[in-house]
Amino acid sequence: MIIEQLLEIVESCFKTGVNEDKWSDRAAGKYSVEVPKREGQGDFSTNMAMVMAGIEKKNPREIASQLVEYLGKDETMIERLEIAGPGFVNIFLKPSVWQKVLHTVAKAGDSYGHSTVGRNEKVLVEFVSANPTGPLSIGHGRQAILGDAIARLLETTGHDVFREYYFNDAGRQMRVLGESTRARYLERQDLPFTFPEDGYQGEYIYDIAQSLIDEQGDALVNSEDVKPFTKKAVDLIFKDISGTLARMDITFDNYYNEHSLYDDGHIDSVVKELREKGLVYEKDDAVWFKTSELGQEQDRVIIKSSGEPTYRLPDIAYHREKFRRNFDWLIDVFGSDHIATVPDVLSGVKALGYDPDKVTVVLHQFVTLTRDGKLVKMSTRKATFVTVDELLDEVGADVVRFYFMMRKADSQLDFDLDLAKKQEKDNPVYYVQYGHARLCSILRRATEMNIEVKDTGEADLSLLVEPEELLKSIASFPAAIESAALDLAPHRMIFFLMELAGELHSYYNKHKVIDQEKIPLDVTRARLCLVAAVRQVFKNGLTILGMSAPESM
RNA sequence: GGUCCUGUAGCUCAGCUGGAUAGAGCGUCUGCCUCCUAAGCAGAAAGUCACUGGUUCGACUCCAGUCAGGAUCACCA
């Protein structure tokens, strides 16, 4: 990458200064080379002189002029230098350095931007993990897309990614689900029924009841056992959930059933191990975990006086199993309502001898929905929540993905349905996709006119006029992916693409590519190389985010 | 009350490891289609980066405190 090559040059100049006794090596590694925010301040700049000034107690501009003298000797990529502001050294590169990016993109094609920084590290991304009690709500939607985007980014950067969905289909929640279904089953047949006090009130329960009636008629009317109802509900709800996920092109490598932790004895063995370490004790007929000895304020119950474990115990056991399955990095994507469980799980992991630093929890804040300029009130209990399916029906998968990725996880996300539904303008999703479509259109046109899109090596790229912004963006694409991936921040890719689209649309209006009367053929050919490269970056960027790159709109 | 997140333009939000004159989209206002897609472009107006201190050559960014909003503090998951 360009910045890395430049950094090498800067570092060797720094060393030259040390060797020639101009300054000491105490500033080594403390300075940086970065892209200035404003135009006219160079392609890159370094703060070395300012960093050194503090350490060496010298005038920063004096150091800067010495540095400029050293840097000026480079003929490979530096065109000119200037000292600015408090002591920045601004570095202007030769245009040919940027133009070469087009070769790189053309050569790499669909894999441009992919890297191997992940070194095949085994990463487990756990996300969604919604229990089968109803259709996915928009809160789950955010999590599904955030988790999937993180997984895709990590794959792109050379990680060995495994996607897992953790669920529980036993226990009180499921009993209530079964009882709710039974009540609807009886209601539909005009028989007396009692609906559970905290039952699931959603319409979908009627659908489940109806399918039981269709299949078995009134055979279950006198069933004492709630299991057939629960089972049917779980089956249909899971089918519904995976259907919703499939519509967004989200798949999992594994669905991990909490119950298997009991069957395989992992729950018992965790308690046993903690007990051996003296971290467990009995009080009030319950079993407590000494989390206070692990940095927390108070101890927590892991087995209730009824003999049933609390949710913490299987959570801890589950994470131990993740470690035992030899993953190097565990990523949990949760809603912010799970915040209280995080310290408990990490305490458990630590107590069992695993490194909690290998667990990264991505907590995302809540989602609100705005329709007709007003906040839509949602309640899970009353089943007045909006489902992901409904959103998909209204605006389609690309828009849903884009909007859910647009904000960093830490921010609350307001899904503006009015804006999302606008298909004609103002919608950032189309702004980006339109960029790709426009470029495709130009390439189609070139083919129609029998203009061959030459290999970048044959075209005279020095004929490109004002392509700097675009070339720099293209060149920074791999770094953008890397930072978004390693920081688990997909929203940065969205912003990257929006910026690229802005630059492209601006260029498009300023410079025509094909015009046989006004534009010389070799200029057209050079611009077609640029067009092809930008199109490739759009396509790769959209693909990495799980969105489509339409060739026409 | 404790813990975590948030507070940046009228609205919704970026601002990555501190860097030069604070950024985008929407909204508002003014222009631009005999021309590769106007789902676009060019320009204008719009800010006490919640507040107060501190750290330093330099703070939206780091630290402490205050205020406001959200999440969470079970032998529910």
Side-chain angles (χ1 to χ4, degrees), chain A residues 32 34 36-38 41 45 47 50-51 53-54 60 84-88 90 129 131 133 168 171-173 198 258 283-288 296-298 300-312 314-315 335-343 363-366 368 370 373 406-416 418-419 422-435 437-446 448-449 479-480 483-484 486-487 489 491-492 494-495 498-499 501-502 504-510 512-515 518-519 524 527 531 552-553:
Chain A
S32 64
E34 48 197 41
K37 284 179 183 167
R38 297 195 159 270
Q41 295 176 344
S45 74
N47 60 355
M50 278 138 61
V51 171
F88 286 101
N90 294 339
S129 296
N131 285 338
T133 59
N168 179 15
R172 200 192 68 91
Q173 236 184 351
D198 52 353
E258 179 184 322
K283 194 180 90 181
D284 304 333
D285 293 330
V287 178
W288 295 70
Q296 290 196 54
E297 286 185 6
Q298 49 186 316
R300 302 286 183 188
V301 169
I302 50 172
I303 300 178
K304 298 184 251 180
S305 50
S306 66
E308 291 178 296
T310 61
Y311 67 91
R312 286 181 196 98
D315 274 2
S336 62
D337 54 337
H338 278 64
I339 188 160
T341 80
V342 174
L363 283 173
H364 66 84
Q365 298 294 314
F366 276 22
T368 55
T370 306
M406 210 161 41
R407 305 287 174 240
K408 63 180 175 207
D410 285 339
S411 289
Q412 285 183 36
L413 188 153
D414 181 59
F415 199 112
D416 185 343
D418 307 324
L419 184 58
K422 283 192 194 174
Q423 296 215 351
E424 307 215 334
K425 27 168 142 176
D426 314 333
N427 192 330
V429 185
Y430 296 109
Y431 186 73
V432 171
Q433 292 185 323
Y434 185 49
R438 265 189 155 171
L439 296 169
C440 288
S441 170
I442 295 175
L443 294 170
R444 270 197 304 273
R445 178 71 177 242
E448 280 165 23
M449 314 215 21
S483 105
L486 297 180
D487 293 345
H491 75 279
R492 286 196 209 145
I494 293 284
F495 281 87
M498 287 206 280
E499 204 173 310
L504 179 267
H505 290 309
S506 178
Y507 185 87
Y508 180 94
N509 278 274
K510 221 165 163 183
K512 223 177 156 201
V513 177
I514 300 167
D515 188 330
K518 293 177 187 160
I519 298 173
T524 292
R527 288 183 183 170
V531 164
S552 65
M553 289 172 73

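Convention: sequence-line order gives letters A, B, ...; per-chain numbering from 1. Values below: every heavy atom of this structure, side chains too, minus hydrogens, waters and symmetry copies.
- When only modelled atom types and interatomic distance are considered, Gln173(A) and Asn168(A) share no side-chain donor-acceptor pair under 3.5 Å.
- Closest to the side chain of Lys304(A), from the set C75(B), G70(B), A20(B), is C75(B).
- Backbone-only contact: Asn168(A) has heavy atoms under 4.0 Å from sugar-phosphate atoms and none from a base.
- Judged by closest nucleotide on RNA chain B, Glu34(A) is the one of Glu34(A) and Glu258(A) placed further toward the 5' end.
- We find that the ring of Phe366(A) and the base of A71(B) do not stack by the test of centres under 5.5 angstrom and planes tilted less than 30°.
- Counting any heavy atom pair closer than 4.0 Å across all strands shown, Asp416(A) reaches no nucleic acid atom.
- An OP1 or OP2 oxygen of A38(B) is reached within less than 4.0 angstrom by a side-chain nitrogen or oxygen of Arg438(A).
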Q) Can you give one letter per nucleotide of nucleotides 9-14 of chain B, going 5' to 3': B for a protein heavy atom under 4.0 Å from the base, S for sugar-phosphate only, - for none? A) ---BSS
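- Listed pair Ser32(A) / G19(B) fails the phosphate criterion, with no side-chain N or O lying under 4.0 Å from OP1 or OP2.
- Between the side chain of Thr310(A) and the backbone N or O of Val301(A), at least one donor-acceptor pair lies under 3.5 Å.
- Comparing the same atom, P, in G54(B) and in G43(B) gives a spacing of 41 Å after rounding to whole Å.
- Side-chain to base pairing of Ser306(A) with C75(B): no donor and acceptor N or O lie closer than 3.5 Å to each other.
- Nucleotides G19(B) and C62(B), compared at atom P, are 10 Å apart to the nearest Å.
- Between the CD atom of Glu308(A) and the C1' atom of C76(B) there is a distance of 11 Å, rounded to whole Å.
- Taking both residues in full, the closest heavy atoms of Gly87(A) and Met50(A) are given as C-SD, 3.5 Å, listed atom of the first, atom of the second, then distance.
- For the OP1/OP2 pair of C36(B) and a distance below 4.0 Å, the side-chain nitrogens and oxygens of Tyr507(A) include no atom meeting the criterion.
- When the P atom is used for both C4(B) and G65(B), the distance is 11 Å, rounded to whole Å.
- Looking at the side chain of Ile442(A), the nearest of the listed nucleotides A77(B), C36(B), C73(B) is C36(B).
- Taking all atoms of both residues into account, the shortest heavy-atom contact from Gln365(A) to Ser336(A) is NE2-CB, 3.8 Å.
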**Q.** Check against side chain to side chain contact (heavy atoms under 4.5 Å, CB included), Arg312(A) and Thr341(A)
**A.** CA-CA 7 Å; Arg312(A) 286 181 196 98; Thr341(A) 80; over 6 Å; no
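- With C41(B), A77(B), C36(B) as the candidates, the nucleotide lying closest to the side chain of His505(A) is C41(B).
- The side chain of Glu297(A) lies closest to G2(B), out of C41(B), C36(B), G2(B).
- Spacing between atom CD1 of Ile339(A) and atom P of U6(B) amounts to 11 Å, rounded to whole angstrom units.
- Side-chain proximity of Lys512(A) to C36(B), A74(B), A20(B): nearest is C36(B).
- The residue among Ile303(A) and Asp410(A) whose nearest nucleotide of RNA chain B lies closer to the 5′ end is Asp410(A).
- In terms of heavy atoms, Ser45(A) sits closest to Phe88(A) at OG-CD2, 4.2 Å.
- Distance check on atom P: A22(B) versus C41(B) gives 25 Å, rounded to whole Å.
- Ranking G40(B), C75(B), U72(B) by closeness to the Ala340(A) side chain, first place goes to U72(B).
- Across C11(B) and C16(B), the matching C1' atoms stand 26 Å from one another, rounded to whole Å.
- Arg444(A) CZ: more than 12 foreign heavy atoms inside a 6.0 Å radius.
- Here Phe88(A) lies in heavy-atom contact (under 4.0 Å) with a base.
- What separates NE2 of His338(A) from P of C76(B) is a distance of 16 Å, to the nearest Å.
- In this structure a side-chain-to-backbone donor-acceptor pair under 3.5 Å is present from Asn427(A) to Val429(A).
- Base engagement by Ser45(A) is indicated by at least one non-hydrogen atom pair under 4.0 Å involving a base atom.
- The heavy-atom pair separating Lys304(A) from Pro309(A) by the smallest distance is CE-O, 3.8 Å.
- Between the P atom of G70(B) and the NE2 atom of His364(A) lies a distance of 19 Å, rounded to the nearest Å.
- Here the separation of C67(B) from C76(B), taken at their P atoms, is 35 Å to the nearest Å.
- Remark: the Asn90(A) side chain and the A20(B) base include a donor-acceptor N/O pair separated by less than 3.5 Å.
- The side-chain contact (heavy atoms from CB on, under 4.5 Å) search around Gln296(A) returns Thr291(A), Arg300(A), Pro343(A), Asp344(A), Ser347(A), not counting sequence neighbours.
- The listed nucleotides are A20(B), C5(B), A39(B); the one nearest the side chain of Met553(A) is A39(B).
- Comparing the P positions of U21(B) and G25(B) gives an interatomic distance of 23 Å, to the nearest angstrom.
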Q: Determine, stepwise, if the pair Ile514(A) / Glu448(A) fulfils side chain to side chain contact (heavy atoms under 4.5 Å, CB included).
A: CA-CA 11 Å; Ile514(A) 300 167; Glu448(A) 280 165 23; over 6 Å; no
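- For the P atoms, the distance from A77(B) to U72(B) is 16 Å, rounded to whole Å.
- Atom CH2 of Trp288(A) and atom C1' of C75(B) are 7 Å apart (whole Å).
- G1(B) atom P lies 18 Å from atom CD of Gln298(A), rounded to whole Å.
- Distance Lys510(A) NZ to C41(B) P: 13 Å, rounded to the nearest Å.
- Put simply, the side chain of Tyr430(A) and the base of A39(B) share no donor and acceptor less than 3.5 Å apart.
- When the side-chain contact (heavy atoms from CB on, under 4.5 Å) test is applied to Ile519(A), the partners found at least two apart in sequence or on another chain are Lys512(A), Asp515(A), Val523(A), Thr524(A), Arg527(A).
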Q | Per-nucleotide protein contact string for nucleotides 54-62 of chain B, where B marks a base within reach and S marks sugar-phosphate only (heavy atoms under 4.0 Å, - for neither) | A | ------B--
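- Using a 4.0 Å heavy-atom criterion, one finds that Ser336(A) contacts the sugar-phosphate atoms exclusively.
- Counting all heavy atoms, side chain and backbone alike, Ala286(A) lies closest to Ser305(A) at CB-N, 4.0 Å.
- Partners of Ile303(A) under the side-chain contact (heavy atoms from CB on, under 4.5 Å) rule, at least two apart in sequence or in another chain, are Val271(A), Val287(A), Leu313(A).
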Q | Under the 3.5 Å Watson-Crick or G-U criterion, the dot-bracket string of RNA chain B, with | for inter-strand pairs | A | (((((((..((((.....[...)))).(((((.......))))).....(((((..]....))))))))))))....
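- Residues His505(A) and Arg438(A) have side chains that bring a donor and an acceptor to within less than 3.5 angstrom of each other.
- Taking atom CG on Leu363(A) and atom C1' on G70(B), their separation rounds to 14 Å, with Å as the unit.
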